[in-house]
Each structure stands twice: as C-alpha cells, then as structure tokens.
There are 2 protein chains.
Amino acid sequence: MSIEKVALLAGVSKATVSRVLNAHPGVKADTRDRVLAAISASEYQPNLLARQLRTAQSHMLLVLISDITNPFCSRVVQGIEAEAEAQGYHILLCNSASQRRRESAWLGLLTGKVVDGVITMDAASTLQDIAALIGDAPWVQCAEYDPAIAASSVAIDNRGAARETVRYLAGKGRRRIGLVNSDMRYLYSHQREAGYREQLEQLGLPWRGVAYAEEISCEAGSQALRQLLQQPEPPDAVLAVSDVLAVGVVHAALEAGLRVPEDLAVVGFDGIPFTRSLNPPLTTVEQPMYQLGARSVQLLLQRIRRPTSPVVRDLLPWKRVERASS
Amino acid sequence: MSIEKVALLAGVSKATVSRVLNAHPGVKADTRDRVLAAISASEYQPNLLARQLRTAQSHMLLVLISDITNPFCSRVVQGIEAEAEAQGYHILLCNSASQRRRESAWLGLLTGKVVDGVITMDAASTLQDIAALIGDAPWVQCAEYDPAIAASSVAIDNRGAARETVRYLAGKGRRRIGLVNSDMRYLYSHQREAGYREQLEQLGLPWRGVAYAEEISCEAGSQALRQLLQQPEPPDAVLAVSDVLAVGVVHAALEAGLRVPEDLAVVGFDGIPFTRSLNPPLTTVEQPMYQLGARSVQLLLQRIRRPTSPVVRDLLPWKRVERASS
DNA sequence: CTGAAAGCGCTTACAG
DNA sequence: CTGAAAGCGCTTACAG
C-alpha cells in the first residue's frame, strides 16, 4: 500500500514510483523529481520483504558456523561479512554447534527463499547430513569440506602445513614431536594428522604421540598435554591444531614445571592475533582467515549469479609465524 | 503457486492446505491426512518470504555489534542466539564496527520489515545516531546503552564493579592503582573510570594514572601500560577494562622486566574463558555474558509481542574471579 | 516516457 | 469443516 501512497501523492502510477526507486533510466526528469519529493515528504520506506518475494532474491546469505566463540571462526565471519557487504548482501548467522536439529531449522530459510545461498563452516562429518537439506542450492564450504560433496570449497593445504611444521620442529633438533589434535569429526583433523605421520615416517623418527582434545578450549588443550606427558618418554615438542588448544598446552606445560621452549616447544595453528601477546609468544601456522571468508562469498555469489558455473575448490596459502615458544 | 500445487494434488483449496500447514484445529482428520500426503509427495517447501509478508512478522532479529572478534561480544551473541532459537527466532548479525554507514544499511532491514526488532551492542556514542533510524521499532541495548534513549537495556553496574575492584586492590596493599581504559565513546568507559576515581578519592589514595587504549586489542593494552610506566612513580597495580587489554598489559609488564603480581598486580574485565589458562592466570571481573544476551532477547520479544510494554532497564550481577595475577 | 494489470506465494476474515 | 476472494507491497512485461 505504501508505494501506492507515494504514487497518489506524486500523481503518478505505482509502476513509475517503482522505476524511480530502482533508478530505471527511462523516467522524465521532472516526473522523477515529483516522485522523489513525494517519497521524502511521506518518509516512505520500501518493504523489502515484498520486493524479495517479487524478485525472488533476498540478497541475504546464511552462515552456518560450529562455534562463533572460537576466534578463528569469528575472524572468518568478519571476512565473510565485509565481502558480503561490499557486494550488497547481508548475512544471517547460525551458531549451529554442529547440531543437526538446529541446522535444519536454519536451512529451512534456504528452502524458504529467505536466503540466496549458504556458507558452512561445520565439521565435515555433519556436512553429509546437511547436503540433503541444501539440495542444489548455492553452497560454499569454508575451512571444512567434504571432498565427496559437489559444492565449492575454500580451505588451506592442511596436510602440507602439518608436514612442514613437523619438519621445522625436527630441524630445530626435536625428536619426540607430539600432536594435540581435535576430535576426528573434522576433516582438518584427519588431514593434519596424516601430514604429521607422513613427515615423521619420512624423517625416520620413531616416536609418536597423539592426544585428542574433547573440544576446542584451553582446558581441553591442557588435558591433552597431560595425557602426552604420561608417556614413558614425554614429548619435547607439540603441534596443536588450534591456537586455543596451544594456550592450554603451554599452560599445562608450565604448570608441570617444564620450560617453554627449552623442555617443550609448542606450535599452534590458526594465527589468532592474541598469540603474539602470550608469555611466551606462540609460534603458529597462520591461516588467511579474513580471505577464507571473503573468498567464500565470492565463490558463492558466482554460483548464485550463474547457477551453472562450475564447482571450485580453492586452497589458500598459509604461513608459519615463528615466535619464542619454539 | 506451490501451495496451489499441493491443493490440486490433495483435491482441496489453498486455504485448507494453509490450515494444515499452520496446524489449525478445525480440519477433519482425513482431509488433513490427504493434504499431508500431498505435501510429502510433492516435497513441498513453504515460501517463508510470502508468509512473512502476509503475516507482517519475520521472526528474525537484527544484532548490531561493534566487533565480533572480541570474545566478550561473541559470547554474548551465543546467548542471544540460543535464546532466540528457543523462542522460534533467527538472528541477522551485523558487525558494524560502529560505522554509521554500515549501520544504516542494516537498519534498512528494520524499516523494510525484514526483521522484527534489533539488539545493539554498539558504542553508546553512536546510539543517538541510530535512534533516528530505529524510530519506535522494538529495540534493546545490550551491554552498552544511552540513558537518554527510551529503549530497554541490559548491562551491569560498571561503576560499582570498578569501585569494588579498586577497593580490592587497595586491600591487597596496592597504593598506585592505574586504569587502562578504552576510548571514551563507550559508556562503560565513563562509568568504570568514574567508579575508579570515586573509590580512590574515598580511600584517600592520591596517585592517579589512566591510559586510553586505541582499540580493544592486546597490542593496544601493551601500549597503554607503557604509557603508565613512564610516569615518575609507576603503578603497582592496573585494572584493565577488558581481558583482551589485560593480556597486553601483562605481556608488556613482563617484557619490561616486572613480575606479575609481585611488582604489578593486573585485573581484567569480562571473564573470558581463556583468562584462566594464561601465565599467570588472570584475575578478572566476570560479566554474565551469556545472560546479557539471553535477557536482551527476552526483553526484545516482550516489546515485539506487546509494543506498549514499558521500557525495562536491567542490571545483571557481576562477580570477581580471583587468580594469580593479583 | 508512463500506466493498467498480472502475479510473487502465502493467510485470513467471511460465507456457507 | 471448507472454499472463494481479497490482500500483504512490491516489480515487470505489455501496451500505448
């Protein structure tokens, strides 16, 4: 009704008001002025819902995330949001905790046409479930992905990064390099552990030590280190698959009376800003968090704009940031 | 059209399908069964946009946040999301960075009927600008608020918390208690500094030292401490208005060769989980982050459901968590 | 350059 | 208990 009010006020048809609103070229200058005047006089606000229904696009993106509280995730979301905004899109955030029930509630927004596409950062193990709900709607998998699913993905070479890190620690003279991994629902857990084992194999280092954290938290990291420390021969270095876990590893190490890095070198993963200000500052494998998010949006919009465009699998570069903990 | 397809398939009218979809009571059992069968046979998915347009409610909430990367904020968002979900609402997240341009783009979703209400966590100084855009739409201010604005708010007693913390440090024998504050666009900065000054006054402690961090980051916290350390008589204790700043304070202190807490006691603010695993573990003033979020949703829904319901100003309890840094 | 009309996919009084 | 019709507020061919 509201656009009708403006039309009445300006003495034109609804169609003309709509054309002015959408900046269509063929509108006579003084007609446009009259409409514009009526718009501001009436303080008209377009009903976006109606527009979305009519044009069948919402310019909204759904983001499914497992834990917004993880600094890695929140930084990626920042990249997603910035790029989305630059392209005229808004985002809905679902902190799914990888729970199927919650995810399907949110994915109803996809089938319900409330969003134009979805970016998932969920554990790979739940992606298969989700796939059925998403069908062939535009979908990009960010950081975590399932190679068996025909959707685009953006991530890093986790296996390579783990290999290189083990090689780096070995190069520093470490011989008993442990891995503090997260639970195996994540693809990256598999990939990083594979890289870890491969490289030890290749280097001919016999010692192995892998502990699995129950969740991504400092406490879980501490707990995992304590497990490794119980071995007859304890590790002299640890790679943790998350900076958050690494904080806990360092904490437990100091608590156990070890010196970092003298007795135990520690390397984290992700490159979260605060790692720089820890004591000691943490060596870490930095992921391009912001770009992971931004690139995901680009691939998604590509799909939304041209549904036939091919699936893309992107691997972004990582880099080691060396600090005092190793 | 889709509901029409189902209607055709079931041999009933669109109205009846709609009634079944919305679980209206007065539908004959076998009619309903026929409709249900048609729904699953056709894999019908309701168009939520159409429903929202028709019913004039979207069951979506807008959350305006200044920095999702701040662990305090992301934890509050978790509370918001959980409560929203429990009540059948979804959330849109805007990481506004307190930028007016971005905020107005998002608030267009409010006037455009895409969301039913808004929760802001923006700096108080920008709230006044926003107020005009929000008009009298349902609005709750979370953590940050402007007392002059007639919208509900949920926060803690910042002044009281600061007073108590100063008293606590003084009780530990500290005489030169400094404050690492954030920039003064925030209401909490004013409130906490007021409490800080009041309590020093009351205790008859003459020493004052306040440094302002340029942003909420570890580096900015370090920078602020370095300023305080330049005074002729350096502080023997510091209260930082954010745990993130406190991490930087501790880092800079150790770097300067000070022992924490022997030479410098440090207390943070917020109660972010990882403070427990720092070295040394950080004493902090814990805010009920999750509840701040959850309560905001409750007040907002109250407003949405009964637009005439009164403005509520809630103050939630905080508590000190004592650890080794003080 | 502009208007009348149809339609996006629902829900909801109003009849019967 | 069910259906026909109106309407939410837009946009977009189609005429003229």
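The basis for the numbers below is simple: all heavy atoms, side chains too, and nothing from hydrogens, waters or symmetry mates. So that the names make sense, note that chain A is the first sequence line, chain B the second, and so on, each numbered from 1.
Atom P of nucleotide dT12(D) and atom CG of Leu21(A) are separated by 12 Å, given to the nearest angstrom. We find that CG of Asp30(B) is positioned 11 Å from C1' of dC1(D), with the value rounded to whole Å. Spacing between atom NZ of Lys5(A) and atom P of dC10(D) amounts to 10 Å, rounded to whole angstrom units. Between Leu53(B) atom CG and dT11(D) atom C1' the separation is 13 Å, expressed in whole Å. Straight-line distance from the CZ atom of Arg51(A) to the C1' atom of dG9(D): 10 Å, rounded to whole Å. Across the protein-nucleic acid pair, Ile3(B) atom CD1 and dG3(D) atom C1' stand 13 Å apart, rounded to whole Å. We find that CD of Glu4(A) is positioned 11 Å from C1' of dC10(D), with the value rounded to whole Å. In this structure, NE2 of His24(B) is placed 15 Å from P of dG3(D), rounded to the nearest angstrom.
Taking 4.0 angstrom as the limit, Asn22(A) places a side-chain polar atom (N or O) nearer than this to OP1 or OP2 of dT11(D). Look at Thr16(A) and you'll find a side-chain N or O under 4.0 angstrom from OP1 or OP2 of dG3(C).
Under a 3.5 Å cut-off, the side chain of Glu144(A) and the backbone N or O of Leu187(A) do form a donor-acceptor pair. Proximity of a side-chain donor or acceptor of Ser189(B) to a complementary backbone N or O of Asp183(B) within less than 3.5 Å is detected. At distances below 3.5 Å, not a single donor-acceptor pair connects side-chain atoms of Gln287(B) with backbone N or O atoms of Asp270(B). In this structure, Ser58(B) contributes its side chain and Met60(B) its backbone to a donor-acceptor pair below 3.5 Å.
For Lys28(A), the side-chain atoms get nearest to dT2(C) when compared with the rest of dG9(D), dT2(C), dC1(D). Set against dG9(C), dT12(D), dG9(D), the side chain of Ala15(A) has dT12(D) as its closest nucleotide. Picking from dT12(D), dC1(D), dT12(C) the nucleotide with the shortest atom distance to the side chain of Thr55(B) gives dT12(C). For Lys14(A), counting side-chain heavy atoms from C-beta on, the closest listed nucleotide (dT2(C), dT2(D), dC10(D)) is dC10(D).
Among the atoms of the strands shown, only primed sugar atoms or phosphate atoms (P, OP1, OP2) are found under 4.0 Å from some heavy atom of Gln45(A). Using a 4.0 Å heavy-atom cutoff across all strands shown, Lys113(A) reaches no nucleic acid atom at all. Across all strands, Arg54(B) comes closer than 4.0 Å to base atoms (heavy-atom distances).
If you check dA4(C) for Watson-Crick or wobble pairing at under 3.5 angstrom, you find it has no partner at all. Using Watson-Crick or G-U wobble geometry with both donor-acceptor distances under 3.5 Å, dA13(C) finds no partner in any strand shown.
Residue Ser13(B) is the one, among Leu49(A) and Ser13(B), whose nearest nucleotide of DNA chain D lies closer to the 5' end (criterion: closest heavy atom).
Of the charged side-chain nitrogens involved, at least one lies within less than 4.0 Å of a carboxylate oxygen, so that Glu85(A) and Arg101(B) count as a salt-bridged pair.
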